[in-house]
There are 2 protein chains.
Amino acid sequence: MAVTSGERVRRAAVKLFAAKGFHGTGIRDLAQEAQLSSASLYHYMGTKEDLLAGIMRDSLGRLLTGAERAVAGVTDPAERMGRLVALHVITHARRPEETKVVDDEVRVLSSGARRAVVELRDAYERLWGETIEAGLRAGAFHTPRPEVTRKALLEMCGGVARWYSARGALSLDELAGHYAVLALRALGAREPLAAPDLDVCRAVVASVWGPA
Amino acid sequence: MAVTSGERVRRAAVKLFAAKGFHGTGIRDLAQEAQLSSASLYHYMGTKEDLLAGIMRDSLGRLLTGAERAVAGVTDPAERMGRLVALHVITHARRPEETKVVDDEVRVLSSGARRAVVELRDAYERLWGETIEAGLRAGAFHTPRPEVTRKALLEMCGGVARWYSARGALSLDELAGHYAVLALRALGAREPLAAPDLDVCRAVVASVWGPA
DNA sequence: CGCACTCTATCGATCGATCGATCGGGTGGT
DNA sequence: ACCACCCGATCGATCGATCGATAGAGTGCG
C-alpha cells in the first residue's frame, strides 16, 4: 500500500482548499480527488472543518519546529534573521498549497480550533520579533517601529507562495538568498551582507517536510 | 435618499466578501446586510459573480488611476517609487475590505471577468516594474533580479490590509513613510533616504476614493 | 383634472441543485 | 467473529436564482 486512503484524503484537501478555498471545495470534490466515496471520507476526516484544522495545525507546527531548528544555537542576529527568512521562503516555495491554506483560511475556523492555530502563529512571529529586537540591541539592525517591520517582512516572505513556481528560472537557493538580502537591507543591517547558511535551511526543511 | 439601495448592496458585498469570502457569503447574508429581500438583490447586482467582478474592477481601477496620478510628471526614480509605495499602503490601509477582495478572490472569477481584472493588475505592476528598471538604469537602485524584488515589495505593501487598524497607534503617514523606507532600502537606494511627498499621495487617495 | 399606462423598486414563495453529513449494509483480512 | 474499510442511498438544510405580484411614482392624453 504505497499511499493510504487517509493520506489521499489529506492531500486532496490540501490541493483543493489551496486552489478553490474551503467554502469553494465540496465534499464530493474531495471524494473524487481522493478516489473515495463521499461517505468513506468521514471514516478519516471527522468533519470537513476538522480536516482543515488538522492541516493547519500540522503545517504551522512544521513551520515552527523548522524555524526553531534552523536558528538553534545561532547567536549572531543577522545570521539568525537570514535563516528565519530563508526557512520561511523555502517552506513557502516548496509547500505553497499548505502555506496558502494556513494563510488564507484561518477565518473559517470556529473559535476552538482557531485559538490553537493563532497560538502557533503567535509563537512563530515571536521568534521573528525576538530576533529583530536582539539585532537592534546589538546594533546590527536599525529600524524604527520594529513590530511594523516584522509584519511587513512576514507578509513579504509569505507572498512567495502566491507567485513562485518551481518550473521557473529561479532556484530555491537564489530565491531564499535574494529574500534574505531584501530583509536584512530593510532592517538596516550593515553592508556587506553575509548570506545565511542555506544548506542548513534546506536540510531543516527536508527534515520537517521530507525530501524534495 | 441618503444612501441608495444599490449603494447598500455594494457596501454589503464589500464588507461580507472581505470578512467571510465570496463562497462563504450567501445571497441571504447579502440581503440582510443590505436590508433588502434576497429577490430584490437581483434588481441591482445581476448574478452574485457579477457583483464581485464589478467590485474588483472598480477597486483595481481606482488603485491604478491613483498610482498614475501620484507619479505623473515625477522623474526621480526614488521619489516615484516612494510615492507608489505610499499610495499602495495608504490605499490598503484606508480600504482594507476592497483590497482584500481584490487580492483574495480573483480565483472565483470565471475566465471572462478574470481576464479584465488580471489585465488591470498587470498594468499596475508594470508601473512598479518600469519605475524599478528606471532606477536601476539611473544608478539609484541596486538589486539583482528586479522582477523578484518587485513581487516581494508588492506582497509586503499589500499585506497592510491584513493587519493595519485605523484605531492603532500608527498614523497613515507614519505607516506609509515607514514602508517607503523599507522598500527603498530593499532596492538598495543610497542613504540618506528622502521621504516621498505624502501630502500628494494622501490627496490622490482622497481624490480617487473620497475624503476619509 | 382624471384616467390609463409604464417603469422602478420591492416582496413572499418557491424552484431545482447542491450542501455537509448519516445510515445501514456490505467486503475482506486476521 | 470481529473490525477496519468502503459504499449506495438518502437525509434535512441551504444554496443561487426566478417567479408572479404589488405599491408607488411618474407620464401622456383627452
Side-chain angles (χ1 to χ4, degrees), chain A residues 1-57 101 104-114 117, chain B residues 1-57 101 104-114 117:
Chain A
M1 193 185 333
V3 178
T4 66
S5 292
E7 190 59 28
R8 287 205 314 279
V9 170
R10 169 69 65 117
R11 290 185 190 179
V14 168
K15 173 175 173 181
L16 295 181
F17 288 168
K20 317 201 293 173
F22 179 79
H23 288 304
T25 301
I27 286 295
R28 290 156 186 85
D29 300 328
L30 283 173
Q32 186 175 33
E33 180 74 29
Q35 302 180 83
L36 240 51
S37 76
S38 69
S40 302
L41 243 40
Y42 286 85
H43 184 67
Y44 300 97
M45 75 176 185
T47 69
K48 194 183 148 192
E49 189 185 328
D50 290 341
L51 180 58
L52 173 67
I55 291 171
M56 297 188 64
R57 261 196 304 268
V101 171
D104 294 350
E105 306 291 347
V106 188
R107 62 180 168 206
V108 324
L109 260 30
S110 48
S111 54
R114 169 111 98 290
V117 168
Chain B
M1 192 188 333
V3 177
T4 65
S5 292
E7 190 61 28
R8 287 204 314 278
V9 170
R10 170 68 65 115
R11 290 184 191 179
V14 169
K15 173 175 174 181
L16 295 181
F17 289 168
K20 316 201 293 173
F22 178 79
H23 289 304
T25 302
I27 288 293
R28 288 155 188 86
D29 299 328
L30 283 172
Q32 186 174 34
E33 180 73 29
Q35 302 181 88
L36 276 167
S37 74
S38 68
S40 302
L41 243 38
Y42 286 85
H43 184 67
Y44 298 98
M45 74 176 184
T47 68
K48 193 182 149 193
E49 188 185 327
D50 290 341
L51 180 58
L52 173 66
I55 290 172
M56 295 188 66
R57 262 195 304 269
V101 171
D104 294 351
E105 307 289 347
V106 188
R107 62 179 168 206
V108 324
L109 259 31
S110 48
S111 55
R114 169 112 100 289
V117 167

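Just so we're clear, the structure is a prediction, and the values are computed from it rather than from any experiment. So that the names make sense, note that chain A is the first sequence line, chain B the second, and so on, each numbered from 1.
- Without hydrogens or angle criteria, Thr25(A) side chain to Gly21(A) main chain gives a donor-acceptor distance under 3.5 Å.
- Residues in residues 23-32 of chain B take part in these salt bridge (charged side-chain N to carboxylate O under 4.0 Å, His left out) pairs, two or more places apart or across chains: Lys20(B)-Asp29(B).
- Annotation: salt bridge (charged side-chain N to carboxylate O under 4.0 Å, His left out) contacts involving residues 45-54 of chain B, sequence neighbours excluded, are absent.
- Residues passing the salt bridge (Lys or Arg N to Asp or Glu O under 4.0 Å) test with Glu33(A) are Lys15(A), sequence neighbours excluded.
- Listed by first and then second residue, the ring-ring contact (aromatic ring centres under 6.0 Å, His included) pairs involving residues 8-38 of chain B are Phe17(B)-Phe22(B) (not counting sequence neighbours).
- Using a distance-only test at 3.5 Å, with no hydrogens or angles considered, no donor-acceptor pair links the side chain of Ser38(B) to the main chain of Ile27(B).
- Looking only at side-chain heavy atoms (C-beta outward), Val3(B) and Arg11(B) come within less than 4.5 Å of each other.
- Checking each of Leu30(B), Val14(B), Leu51(B) against Val9(B) for a side chain to side chain contact (heavy atoms under 4.5 Å, CB included) leaves exactly one that passes, namely Leu51(B).
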Tabulated below should be each protein N or O lying under 3.5 Å from an N or O of nucleotides 7-15 of chain C; please produce it.
unit_1: dA9(C); atom_1: OP2; unit_2: His43(B); atom_2: NE2; d: 2.8
unit_1: dT10(C); atom_1: OP1; unit_2: Ser5(B); atom_2: OG; d: 3.0
unit_1: dT10(C); atom_1: OP2; unit_2: Ser5(B); atom_2: OG; d: 3.0
unit_1: dT10(C); atom_1: OP2; unit_2: Tyr44(B); atom_2: OH; d: 2.1
unit_1: dC11(C); atom_1: OP2; unit_2: Ser37(B); atom_2: N; d: 2.5
unit_1: dC11(C); atom_1: OP2; unit_2: Ser37(B); atom_2: OG; d: 3.1
unit_1: dC11(C); atom_1: OP2; unit_2: Ser40(B); atom_2: OG; d: 2.8

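- Summarising the geometry, the separation between CD1 on Ile27(A) and C1' on dA9(D) is reported as 17 Å, rounded to the nearest angstrom.
- Using a 4.0 Å cutoff on non-hydrogen atoms, the parts of residues 10-26 of chain A near DNA chain C are Thr25(A), Gly26(A), ordered by number.
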